[in-house]
Amino acid sequence: MSKILSQLNDVQRLAVQQIEGAQMVIAGAGSGKTRVLTYKIAYMIEQGIDPFNILSLTFTNKAAREMKERIYTIIDSSEARNVWMGTFHSVFSRILRAEGEVLGYPSNFTIYDTDDSKRLLKAIIKEMQLDDKKYTPGIVANRISSAKSNLITAAQYYASSNIFTADQNAQRPEIREIYKTYAARCFKSSAMDFDDLLLNTYILFQKFPEILYKYQEKFKYILVDEYQDTNHAQYRILRSLADRYQNLTVVGDDAQSIYAFRGANIRNILNFNRDYPEAKTIKLEQNYRSTKNIVGAANSLIANNKGQIPKKIWTDNAEGDKIRIFIATSDNHEGKIVAQSIFDNKITHHYKNRHFAILYRTNAQSRAMEEALRHAGIPYRIYGGISFYGRKEIKDILAYFRLTINPKDDEAFKRIINYPKRGIGNTSLQKMIIAANNKNLSLWETAKQIHRLNIPLHSTAKRKISDFVTMMESFQAQLHQLDAFALAELILKQSTIQHTLQADKTIEGIGRMDNVEELLNAIQEFVEKDKEDEEQAKFDGEEYAGTLDDFMKDVALMTDADKQDDGDSDKVSLMTVHAAKGLEFPVVYVVGLEENLFPSFMSLNSRPELEEERRLFYVALTRAMQKAYISYAEMRYKWGELKFSEPSRFLDEIDEKYLEFENRPTPPSPKISRTAGTAPLNKAKPASRLQRNQSFFKGNKRLTKISDVSPAATPPSNLKNLKTGMRVKHGKFGTGKVIAIEGAPPNTKAKVQFPAVGTKTLLLRFAKLEILE
DNA sequence: GTATTATCTAAGTCT
DNA sequence: TAGATAATAC
């Protein structure tokens, strides 16, 4: 038997050996899914299939990189580099850069990230003079995004009476206008947003059969990871690509589908056999990752979902410890408990920092964890949140790069026309925008012709604008003369960004400078790596010159997960459960298991959404190899307010035999005097499990918001008893006297007379007033 | 046009 | 709480 096959179990081997035809692998958590994919590709190459004919779509670019490396070692050859491997978005952007011309896009098109899209939408909404309460960029962006994910173009959206009616009913009839304008503006700027990468690829293949044919011939073998999370657009593209040869392997687990919110359609995996009647289905049910307790707990949890592909996940691994549940008094306390537990585990069981992960539902929860870890001297790394490329200082610099590469990029233009300050303020910019829209020009073209166009601007302003144009043109001229690093340095200097940043000696300023350094390092690394690859690239018939536009190609698609690990870093990982998909850790802490948080309050209205939350928790639990901990806090800061929370219903869904409740530590919980009657949930202190079971979930009645922290709960919010005439202390204004109280909670305001600063009206919710009586 | 201050408002997950 | 925006003063 081939060496490759001998390293697999029977079912895995079956999956690997079937090269031809359609195949669906249902891979339970920890069942060696990646192993199957990796070995299958290795095996295909070993069997003589040309790696150039293989397309492998992974969930992150990092996963692609790691898979390639593993294939190198399995087949002991560098042939693996010729496999096309990457995320849907990165692979399709590559195709669009090569072929997009027929759709009217230059190969240097910009990829707008969410931030760019929302800024543009905001500008459009403002131009159209719509009510920005009804039309928030977020809501509109979601609407447009889901349309695109379902392959509905702006024109189709506009023409559909069903959609229009739906929007009308939602009090947002203008969305079709916004979408239309938005699409036109993006096109004019030679820009695509994330969804466009899919939509346009689809259109490309539809409209140009000869191009589709070319890629069908190229990708005779297609493998897709995390198939349960593909959306309609991805589904349709795959279908057309695989149509000719039907050699399509999809791997996934319906129990781990957690991306419905961005259009993932679980039916894709459920209907695979209908789409490909000849397809073989293979189920990987043995879990190699986790202990019996963890697998058992996860199984008992997920059993609460309906309508799954039936499967029985089991394991041969050791029994392991029961899952321990920590009950904390507050979010900060939760952080301390987790940090303490990590500390203990390190000492007693000799774990390294990198063996731990802390998983949470929302990014905001990371703060309490960070603080506690910092305090305990435990190094950590946060994935996600505001990613590196999302930082303002980085985005500003990237905007220079973008405008250098694609001068039509209006969002980049707006970002940097007055950064660093060069005296072209908002008024001038607005005038330019109006002129640009009237003449149907990009802002760049408008700026270039600023002297010729009839724009009511002062001549000084015009001169400053043309200075800016001259500077940018000098960068553009260097684009293919200098390598990325040299040009980046030049831009930083000439634009005076470097100078501006260096002048800022505050801690944040230094931090920003550090980030810029890091960006430069990344560019430097890229240039060097590119030089190494140059030979190979030439062989591929591509031009890899290590220039800035090369560097920028993938930046927008880069996520934190894709970032190279900074060497031998031994750090605890902090991330959302979503970000943890596909990863595993010896010890996992899942924190914040509270109603309205996990499951999220957004999901409580419908069964499908609740089930998705449950799958999410399932994903979280199954990341753990040896030990899993779950925690929740009885009180948590939300929206700047301390709120009571309830243990998550999911805790009760796990079979109790897998759980072990920590003795409730008894720190001096603040004395709580609940006002009678105001608390519909009379169980702020979930003292016993029994009590919780009886009370917290009755039918599917949505829980009343638990917002009324009673007056005595915390000193800063001890303000319900505030009366006129009282003396209070304010952090900034000093002591003063209350002269009036107005408004109803939560918007109660107090008028306070401060001897030092005069009368102030303060929102009690925010002002930290202290009563001095 | 810009710097500073006050006020508002958002907080779900991601390519 | 923190970041964004509006209002204000310069």
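Chain letters run A, B, ... following the sequence lines, proteins first, then strands; residues in each count from 1. Since we're looking at a predicted model, the values are computed, not measured.
We find that OH of A/Y383 is positioned 14 Å from P of B/dT15, with the value rounded to whole Å. Taking atom CZ of A/F261 as the reference point, atom C1' of B/dC14 lies 5 Å away to the nearest angstrom. Atom CG in A/D115 sits about 14 Å away from atom P in C/dG3, given to the nearest Å. Across the protein-nucleic acid pair, A/K581 atom NZ and B/dT15 atom P stand 10 Å apart, rounded to whole Å. The CZ-C1' distance, from A/R391 to C/dG3, rounds to 15 Å in whole Å. Straight-line distance from the CD atom of A/Q234 to the P atom of B/dC14: 16 Å, rounded to whole Å. Rounded to an integer number of Å, the gap from A/H458 NE2 to B/dG1 P is 8 Å. If you take CD1 of A/I382 and P of B/dT13, they are 13 Å apart, rounded to a whole angstrom.
Distance alone, capped at 3.5 Å, places no donor-acceptor pair between the A/T496 side chain and the A/H499 backbone. A/D554 contributes no side-chain N or O that, together with a main-chain N or O of A/S90, makes up a donor-acceptor pair within less than 3.5 Å.
Within the 4.0 angstrom heavy-atom criterion, only backbone atoms of the sugar-phosphate kind lie near A/K122; the bases stay farther away. No contact: A/S603 has no heavy atom under 4.0 Å from any strand. Contacts of A/Y259 with the nucleic acid, taken as non-hydrogen atoms under 4.0 Å apart, involve only primed sugar atoms and P, OP1 or OP2. Nucleic acid contact class of A/S428 (heavy atoms, under 4.0 Å, all strands): sugar-phosphate only. Within 4.0 Å of A/N418, counting heavy atoms only, lie sugar-phosphate atoms of the nucleic acid but no base atom.
In this model, the phosphate group of B/dG12 is not approached by any side-chain N or O of A/T576 to a distance below 4.0 Å at OP1 or OP2. Within the structure, every side-chain polar atom (N or O) of A/N363 is placed at least 4.0 Å from both OP1 and OP2 of B/dG12. Not one side-chain nitrogen or oxygen of A/K392 sits closer than 4.0 Å to the OP1 or OP2 atom of C/dA4.
Within 3.5 Å, a donor on the side chain of A/E613 pairs with an acceptor on the base of B/dG12, or the reverse.
Each of A/L457 and A/E609 was matched to the nucleotide of DNA chain B holding its nearest heavy atom; the match closer to the 5' end belongs to A/L457.
Of the candidates B/dG12, B/dT13, B/dT2, the closest approach to any side-chain atom of A/H578 belongs to B/dT13. For A/T427, taking side-chain heavy atoms from C-beta onward, the closest of the listed nucleotides B/dT13, B/dT15, B/dG1 is B/dG1. Distances were taken from every side-chain heavy atom of A/T114 (C-beta onward) to each of B/dG12, B/dT15, B/dA3; the shortest belongs to B/dT15.
Only one option out of A/E613, A/E594, A/E595 pairs with A/R361 in a salt bridge (Lys or Arg N to Asp or Glu O under 4.0 Å); it is A/E613.
Annotation: cation-pi geometry satisfied between A/K392 and A/Y419 (NZ/CZ under 6.0 angstrom from ring centroid, within 45° of ring axis). In this structure, A/R381 satisfies the cation-pi test against A/Y383, with its NZ or CZ atom closer than 6.0 Å to the six-membered ring centre and inside 45 degrees of the ring normal. Remark: A/K581 is positioned above the aromatic ring of A/F59, its terminal NZ or CZ atom under 6.0 angstrom from the ring centre and at most 45 degrees off the axis.
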